[in-house]
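Beneath this line is the structure, given in structure tokens, with notes to follow.
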Amino acid sequence: MSTQLLENLNPAQQKAVQATEGPVLVLAGPGSGKTRILTHRIAYLIETLKVDPYNILAVTFTNKAAREMKERLDVLLGQGRAAALIVGTFHSICTRFLRRDIVHLGRERDFTIYDSDDQMRLMKRVLKDLNLDEKRNAPRAIHSEISRAKNELVCPEEFIRLGRTYKDEVTGRCYVRYQQLLRESNALDFDDLLVETVQLFEQHPDVLDRYQERYRYILADEYQDTNRVQYVLLKLLASKYRNLFVVGDEDQSVYAFRGADIRNIRSFEDDYPEAQVILLEQNYRSTQAILDVAQAVIRGDVRRKHVKRLWTENDKGALVQLQEAYDQDEEGQLVVDEAARLVASGEYKLGDIAIMYRTNAQSRAIEEALIGRGLRYQIVGGTRFYERKEIKDALAYLRVAHNPYDTINFSRVLNWPPRGIGDRTEDELNRWANSLGVPPYVALQLLNEQANPSSEAPEPTKPAPFSPRTRQSLLSFLRVLDELIAAKTEQSLDDLMGLLFSRVDFEEALRREYGEEEGRDRWNNVQELRNVALNYINLPIEAQLPTFLEEVALVADVDTIKEDQDAITCITLHQAKGLEFPVVFLVGLEEGLLPHSRSLDDRDALEEERRLFYVGATRARKQLYLLYAFRRSTYGRTNVSTPSRFLASIPKELVAQAPKRSISSAHQTSMFTPRTFGTAAGGSRRATPSASRTSQPPAAKQQRAALPQTPKETRFFAGLKVRHALFGEGVVVSSKLVDGDEEVTVAFSGKGVKRLLASFANLEMSE
DNA sequence: GTACGTTCATTTTTT
DNA sequence: ATGAACGTAC
């Protein structure tokens, strides 16, 4: 087995794979087999150093990479040998940790994960709560400030303390409120997943120690793209055994905008003075012609101190093609014609070809050209399946069923489909809930209690400010939610969705909203979601919904690329990182696009754009095409454009500058018959992610509230989350002292409002 | 409260 | 070009 482990690796790669224990930094250029090295290193640890796979943690950049790594390990080691090995992205790994241990931070383990859409809605709610004008304070901008702060591990209090400008002051207040609402909703946003994990480790050394003991060997890919919080995470985990094996390439650092700090990789040797550093400069992927061009571009950065000298034993290969198109439509035409020619020649298949661009918006012209040609394609990114409105709406119901305190998704479905609850009512409900100190869902339960007092009726709360008619609408909504909440523990996810779609009549609602045709398309999409749910049917019922929701939140778009289906891949340069294709078209190589106009006034940003070009070019194995358009329309306006400055750093002899419109080299493509047609936009062309199975961790070990003999003050207060053996999860509405005991009014999810005596009820506090 | 028309701003890249 | 946001009419 060991022989197989090392064969097909060159000496430098072998050296990396067989490095002794301790910190290792592998600086490796594109196409040098980074992923391969990581995989083989893991195999080597297990096979030769006899490390238990259980003690290894590997961080990859995408879930797709994680999946592939596990598959390759199964081949190298034999099926199932590496089953205990943990491989995943920072986000999925941290989620895993938190599901287990977030209770130490006084939080529920069943937290909801907020994606960017949820985050934006939450941000808008924050602005509303703080009476800030959305026009003057762009939610996106404020959110990205907050996100940046989180990635640098700056908490709200510190942010305010450090703030200098008025804008900082506003952002600081938003940050505070934003976190409050997240907590009230029992939700974490993407950034929180990492931040909370760091907090968990910093505040609970015993917990950290447990993880350090478990993960004695840590490996991380794309180390140049780590940001502060990721860096700290790795550092904390690795600080005990110091077996940290990282792989990266400065020249491929393209995520500064989300806080990636190139200094993390540059100062690795300072952090770990005993580190072994291994340099890999041989490229196995691309032809010499392609490498020459890529190198020419990256060397254009005059500030670079040392230039990695990439080399390859591969053939020179075909010259890189450079071509100007008249406009973006012709650009699409040229690409598609050439792609069709390549396929017709029999040399390549559709799946060998990728079209890469800087911005998602560019995909449209390409897509139209592909449809026109009838070539099968897949677009990675853009409007993702899970970001379609109808999908988000369906998911929103499920997420509220899972976690009724999720304010944002609650608002989302409150009046969808329209049920007579307008903005006015929503505001009123929120205000009323705020004044009671409970989430809106609990406010609805109280409203119900006021309307139909039960036998154990708690004392009347502050009367709700709704007209009878509005109240009816609100209560019928509550009934829908409660039915779903009741069903989630008794029915499979598939049945739960069935109930949702019939009870809410999704099909009808979509038809009403979008008309016959589009309504049907969207309804089909929703049903596709139900198909995805079938992947979870073998899990225990109580694990199906949470697992499904978690995986839906964490799939990245690049994870959904299908290789088994022969199709051209359209993808942004960022997402293309780590991938390779025999044929690559880089389109839109113009000033303002690559480099992007937003980067023009910042040297660092500009150099990042250059690296982006480099990343794109080095994805190609055999053939690289560079295209730009003479004029391009953006937002309906057309402008004359200039070729990208990066093209200027490529020596003329390295490219074949095709005369205008000659890439297509005529229409001798009649032999070519398209096999399938890409589905037109709006349909469900997008791949649905296949879901892997993970079992849900066992139930939380809750802290039990110790009851004093004779309470002098209430231990429970409004808004506190509690658990009851019979009624399950609930939120305290009020509490008061009665005859030396404490009488607590609690609104239980799906079970209504109950009045309980603290001494008998055995309420467990969650925070 | 909803439906429909008008205006207006909007696009960098992502887990 | 597209879609969100706002106003007016029902």
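So you know, we letter chains A, B, ... as the sequences are listed, proteins then strands, and number each from 1.
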Open item on the list: Could you work out, with ring pair (Phe, Tyr, Trp, His ring centres under 6.0 Å) as the rule, every residue matching A/Tyr178, not counting sequence neighbours?
Closed with: A/His143

- [ ] Let me know the distance between CG of A/Asp191 and C1' of B/dT15, rounded to the nearest Å.
- [x] 9 Å

Open item on the list: Among residues at least two apart in sequence or on other chains, which ones pass ring pair (Phe, Tyr, Trp, His ring centres under 6.0 Å) with A/Tyr514?
Closed with: none

Open item on the list: Once side chain to side chain donor-acceptor pair (under 3.5 Å) is applied, do any residues pair with A/Asp101, and if so which ones, sequence neighbours excluded?
Closed with: A/His104, A/Arg210, A/Tyr211

Open item on the list: So A/Phe61, base contact, sugar-phosphate only, or nothing? Heavy-atom distance under 4.0 Å.
Closed with: nothing

Open item on the list: Counting only side-chain nitrogens and oxygens, does A/Thr572 get under 4.0 Å of the OP1 or OP2 atom of B/dT14?
Closed with: yes

- [ ] Tell me which residues in residues 115-124 of chain A put a heavy atom below 4.0 Å from DNA chain B, sorted by number, or none.
- [x] none

- [ ] Mind calculating the distance between OH (A/Tyr357) and P (B/dT13) to the nearest angstrom?
- [x] 10 Å

- [ ] Give the rounded distance in Å between these two atoms: CG of A/Asp423 and P of C/dA4.
- [x] 15 Å

Task: Main-chain N/O of A/Tyr114 paired to A/Gln119 side chain as donor or acceptor, under 3.5 Å - done: yes

Open item on the list: Looking only at the side chain of A/Arg364 (C-beta and beyond, no hydrogens), which of the listed nucleotides C/dT2, B/dT14, B/dT15 gets closest?
Closed with: C/dT2

TODO: Round to a whole Å and report the spacing from CZ of A/Arg610 to C1' of B/dT13.
DONE: 18 Å

- [ ] Would you check if the distance from the ring center of A/Phe410 to the ring center of A/Phe477 is below 6.0 Å?
- [x] yes

Open item on the list: Checking side-chain polar atoms at under 3.5 Å, does A/Ser147 have a donor or acceptor matched by the opposite partner on A/Ser144?
Closed with: no

- [ ] Report the distance from atom CD of A/Glu428 to atom C1' of B/dG1, rounded to the nearest whole Å.
- [x] 14 Å

- [ ] Would you mind classifying the nucleic acid contact of A/Thr425 as base, sugar-phosphate or nothing, using non-hydrogen atoms under 4.0 angstrom?
- [x] sugar-phosphate

Task: Atom pair distance, as rounded to whole Å: CE in A/Met356 and C1' in B/dT13 - done: 15 Å

Open item on the list: Please report the distance separating the P of C/dC6 from the corresponding atom of B/dT11, rounded so that it comes out in whole Å.
Closed with: 16 Å

- [ ] Consider only side-chain N and O atoms of A/Gln328 and A/Ser633, and report whether a donor and an acceptor are under 3.5 Å apart.
- [x] yes

Task: Whole-Å gap separating C1' (B/dT15) and CG (A/Asn227) - done: 10 Å

Task: A/Phe613: partners by ring pair (Phe, Tyr, Trp, His ring centres under 6.0 Å), with sequence neighbours left out - done: none

TODO: Report the relative orientation of the aromatic rings in A/Trp432 and A/Phe466; use parallel for angles under 30°, tilted for 30 to 60°, perpendicular for over 60°.
DONE: perpendicular

Open item on the list: Protein within reach of the bases, or only the backbone? For nucleotides 2-11 of chain B, mark each nucleotide 5' to 3' as B, S or -, using heavy atoms under 4.0 Å.
Closed with: SS------BB

Task: Atom-to-atom span, CZ of A/Arg424 to C1' of B/dG1 - whole angstrom - done: 12 Å

Open item on the list: Going by centres under 5.5 angstrom and planes under 30 degrees, do the aromatic ring of A/Phe90 and the base ring of B/dT15 stack?
Closed with: no

Open item on the list: Within the supplied structure, the quantity of interest is the number of heavy atoms (other residues, nucleotides, ligands) at a distance under 6.0 Å from A/Arg364 CZ; does it exceed 12?
Closed with: no

- [ ] State whether A/Gln575 places a side-chain N or O below 4.0 Å from either non-bridging phosphate oxygen (OP1 or OP2) of B/dT15.
- [x] yes

